[in-house]
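See below for the structure under consideration.
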Amino acid sequence: MFAAERRQLILEMVRANGAVSLRELARVVQTSEVTVRRDVRALEAEGLLDRRHGGAVLPGGFTRESGFPQKSHLATAEKTAIADLAAGFVEEGEAIVVGAGTTTQELARRLARVPGLTVVTNSLLVAQALAHANRVEVVMTGGTLRGSNYALVGSGAEQSLQGLRVSKAFLSGSGLTAERGLSTSNMLSASVDRALVQAAAEVVVLADHSKLGTDTMFQTVPTDLITRLITDEAPAHDDRAATELQALADQGVQIAVAGASGGAVSGQGGPGAPGGDAVPARQQRRDVPVPGPRRQVPGATAGLRTAGALEQPGGAERARVADMRRR
């Protein structure tokens with residue numbers, strides 16, 4: 001198939017579905033994801049579509065947001081790897097908040113195995129993933145249901161978070177830059193995410209590499225309040241992601257990178273090799289602390305409690321890592 005034919009087919013798929021993953025595009029046009037990514041960039045340069053979240057969407061700039069059905073099929077392998085890694089940062093007995101999103105939904109599925117956990121969330125999908133976890137307490141915010149992402153938003157959600165204190169907030173969004181931090185395309189979602197941040201002593205952002213360098217309309221978490229970014233391994237040719245990671249590191253954000261090819265890093269020998277076992281979740285990470293103070297939300301302190309929650313875990317939770325600038 002010639003390049004012009006591929007690009008026309010890609011454009012027709014995006015127009016028909018609103019958003020399509022690179023993997024699905026590569027499967028339909030029967031070529032590699034590298035070739036498809038090049039085609040998508042060419043179409044984006046012509047203003048015919050936008051690159052978003054490991055795929056392509058209809059053009060719309062800052063004002064457009066994909067719904068849950070589209071997002072759930074984008075960058076699925078990357079989200080799985082990020083969720084596997086993020087779960088290793090949660091300790092038994094912690095109290096945390098988890099925001100809305102398809103990546104945080106993946107995280108919630110793994111948190112069901114953490115005993116004594118208290119999870120505060122405005123996401124119906126996160127709550128559903130934890131509904132049958134016997135040793136996890138789920139606290140829902142109030143608010144008005146936003147059907148496109150199954151999240152509770154509005155003044156009711158924000159007011160229910162007032163006075164809450166937890167150890168960590170896990171959030172995702174539509175874009176992440178060193179200049180503005182985490183952002184999203186919806187004003188109501190952004191407002192609730194800001195309230196979630198105010199409740200936490202540490203803020204952990206879950207974002208696959210395609211969101212790095214992408215800026216959307218409403219800021220949710222400024223860079224100086226982000227404690228840690230958990231992301232996946234960007235392709236070697238993705239200069240934008242590498243540049244943004246370095247800029248975030250320079251501002252003091254700790255970077256944890258999941259293993260390549262959508263999976264966490266495996267132990268010596270690796271899964272499938274003779275005698276090879278997967279490394280436990282708490283070791284499946286490449287954590288990069290960088291110069292700069294540890295990020296704390298003003299007024300929040302370690303060890304604060306919410307109903308039924310234990311104290312925030314100490315230094316054992318943090319992995320030994322190397323400075324990103326030496327990589």
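A donor-acceptor pair is defined here as one N or O able to donate and one able to accept, closer than 3.5 Å; no such pair exists between the side chain of Arg146 and the backbone of Gly154. Judged purely by atom type and a 3.5 angstrom limit, Lys211 uses its side chain to pair as donor or acceptor with the backbone of Gly173. Proximity of a side-chain donor or acceptor of Thr223 to a complementary backbone N or O of Ala178 within less than 3.5 Å is detected. At least one donor-acceptor pair closer than 3.5 Å links the side chain of Thr104 to the backbone N or O of Gly101. Without hydrogens or angle criteria, Gln246 side chain to Thr243 main chain gives no donor-acceptor distance under 3.5 Å. In this structure, the side chain of Glu46 does not engage the main chain of Leu43 through any donor-acceptor pair within 3.5 Å. No donor-acceptor pair closer than 3.5 Å links the side chain of Thr118 to the backbone N or O of Glu137. Judged by distance alone, the side chain of Arg180 and the main-chain N or O of Leu176 form no donor-acceptor pair under 3.5 Å. Thr216 contributes a side-chain N or O that, together with a main-chain N or O of Thr184, makes up a donor-acceptor pair within less than 3.5 Å. Put simply, the side chain of Glu78 never gets that close to the backbone of Asp208: no donor and acceptor are under 3.5 Å apart.
Between Leu11 and Arg7 there is no side-chain heavy-atom pair separated by less than 4.5 Å. Using a 4.5 Å heavy-atom threshold, the side chains of Val221 and Leu171 count as touching. Counting heavy atoms from C-beta on, the side chains of Leu152 and Val192 never come closer than 4.5 Å. Leu164 is listed as a side-chain neighbour of Val97, based on a closest heavy-atom distance under 4.5 Å. Looking at Arg38 and Val34, their side chains come closer than 4.5 Å, going by heavy atoms from C-beta outward. Looking at Asp224 and Ile226, their side chains never come closer than 4.5 Å, going by heavy atoms from C-beta outward. By the 4.5 Å heavy-atom criterion applied to side chains, Thr231 and Leu212 are counted as neighbours.
Salt-bridge formation is not detected for the pair Glu244/Arg240: no Lys NZ or Arg NE/NH1/NH2 atom is positioned less than 4.0 Å from an Asp or Glu carboxylate oxygen. Ionic pairing of Glu44 and Arg41 is not present here: no N-O contact between side-chain nitrogen and carboxylate oxygen is shorter than 4.0 angstrom.
Leu125 and Leu145 fall within the same hydrophobic cluster, where Ile, Leu, Val, Met, Phe, Trp and Tyr residues are linked whenever their side-chain heavy atoms come under 4.5 Å apart, directly or through other members.
For the side chain to side chain contact (heavy atoms under 4.5 Å, CB included) criterion with Ser189, the lone passing option out of Thr220, Val153, Asn122 is Val153.
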Evaluate the side chain to side chain contact (heavy atoms under 4.5 Å, CB included) criterion for residues Ile230 and Val205: first the C-alpha distance (whole Å), next the side-chain angles of each, then the deciding distance (0.1 Å), finally the verdict. CA-CA 6 Å; Ile230 301 180; Val205 171; over 6 Å; no

